[in-house]
Protein chains: 2
Amino acid sequence: MPDKGELNRQRIVAAANKLFYQRGYNQTSFTDVADAARIPRGNFYYYFKTKDDILAAVVDYRIEMITAMLAQWDAEIAAPRVRLQRFIAMVRNSGKELARFGCPMGSLNIELGKAQPALKAKARKMFDLFRDWLAAQFKLLGHPDAKELALHLLGRAQGLAVITQVYADTGFLNTELDQLEAWLDKYV
Amino acid sequence: MPDKGELNRQRIVAAANKLFYQRGYNQTSFTDVADAARIPRGNFYYYFKTKDDILAAVVDYRIEMITAMLAQWDAEIAAPRVRLQRFIAMVRNSGKELARFGCPMGSLNIELGKAQPALKAKARKMFDLFRDWLAAQFKLLGHPDAKELALHLLGRAQGLAVITQVYADTGFLNTELDQLEAWLDKYV
DNA sequence: GTCTATACCTTGATAGAC
DNA sequence: GTCTATCAAGGTATAGAC
């Protein structure tokens, strides 16, 4: 069984993960995270020395989540085309959160990309996971330009996330995702 | 001729506009703006009472710029299809800035959308300008679903901006814009 | 491992002399 | 209109008792 320290660490990462998504990294303070995790501020530094360390742990956590999700899709779904549909279904299921807070991957990368290059490099790895997984599916479907198609789909999803957040509405998201599904069926 | 106060005000807005884009709104301090505008910190408050006031002025400034640009396109270009191509050309010409700082409209809306709803409402108006102008062009081309098409094009551009910033590369941007131009020629 | 207290800095913002 | 001095609040981070 995990020791108490490890449990506290996990609580902190989970709380930070949520806050960084909902408020943004720079808009979340140490105190916010400590309060949410119900860890006294002083004790906090036993687990993480700097705020950047917390972000690194949060990104690692997200990378683990994404990796596990993609592995599960691979295990559950044999057909690449259906796997791609699963990706689109995930975006659709995230509609409510997208409308409120945008894409967790996209918004973090945009925030860090402005003036925190070291942190951004780490955050970009989340994109790499999806890009490579999508490209693998397109390749299985016999597309030589698999990487371009992967970026196309990823870019479409990011654009939808932005519009959905800007207008705080999922209507456009759903019609566009319908079109993307039709495109997958017809042309891919 | 404008009085000195008005000139100072304009200098502040111009400096803030640049910094809010390059660093983000919340990551830009009063001091940053004052230094960039070369206005002593104390004197600063003669022109703007709060940071939100500066943002409001910056958004108004951007709205003026966008409005003027769209009006100029309308005046210079008669054919709606060519106007739409002009929009795509603008995105293409912004490649370098997109790679470094993302889309000025998109990144601001995403940042403010997280936890500053009042400020976000104002920032969204920039999107409205483009959406309505694009919709007008599609309508002139006889499309009953002009608003959907406008949001589609706007969303595509936003998605490209995100991918371009995440990977700090304009290669994908340009190939995708080529495809968008072909789509305009063929299907619109 | 846990927690209190606190140092030290930067922030947005004000007062008031000139 | 301009500028100095300063404030209170909130930020990250540390020292050290328990």
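This one's a predicted model, so the numbers in the text were calculated from it and none came from an experiment. Proteins come first, then strands; the chains are lettered A, B, ... in the order of their sequence lines, and each starts at number 1.
As rounded to whole Å, 18 Å separates atom C1' of C/dT14 from atom CZ of B/Phe48. Taking atom CG on B/Leu7 and atom P on D/dG1, their separation rounds to 11 Å, with Å as the unit. In this structure, the CG atom of A/Asp32 is 11 Å from the P atom of D/dG10, given to the nearest Å. Summarising the geometry, the separation between CZ on B/Arg9 and P on D/dG1 is reported as 11 Å, rounded to the nearest angstrom. Computed from coordinates, the A/Tyr46 OH to C/dT2 C1' distance equals 10 Å when rounded to whole Å. Taking atom CZ of B/Phe44 as the reference point, atom C1' of C/dT11 lies 13 Å away to the nearest angstrom. In this entry the distance linking CZ of B/Arg41 with P of D/dC7 reads 17 Å, nearest Å. Per the geometry, CZ belonging to A/Arg23 stands 14 Å off C1' belonging to D/dG11, to the nearest Å.
Of the candidate nucleotides D/dC3, C/dA13, D/dT2, D/dT2 has the atom nearest to the side chain of B/Asn8. Side-chain proximity of A/Tyr45 to D/dG11, C/dG12, D/dT14: nearest is D/dT14. Checking D/dG1, C/dG1, D/dT12 against the side-chain heavy atoms of A/Thr31 singles out D/dT12 as nearest. Side-chain proximity of A/Asn43 to D/dA13, D/dC3, C/dC3: nearest is C/dC3.
Here B/Phe30 and B/Phe48 keep their ring centres 6.0 angstrom or further from each other.
With A/Phe20 as the aromatic partner, B/Lys114 does not meet the cation-pi criteria of under 6.0 angstrom to the ring centre and within 45 degrees of the ring axis. Remark: A/Lys51 qualifies as a cation-pi partner of A/Tyr25 under the 6.0 Å distance and 45° angle criteria applied to the six-membered ring.
Scanning all heavy atoms of the two residues, the minimum distance from A/Arg131 to A/Ala150 falls at O-CB, 3.4 Å.
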Run the side chain to side chain donor-acceptor pair (under 3.5 Å) check on A/Tyr45 and A/Asp53 step by step: do they pass?
CA-CA 10 Å; A/Tyr45 287 86; A/Asp53 287 344; over 6 Å; no
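Using a 4.0 Å heavy-atom distance criterion, A/Phe30 is classed as a sugar-phosphate-only contact.
Here B/Ser29 reaches the OP1 or OP2 of C/dT11: one of its side-chain N or O atoms lies under 4.0 Å away.
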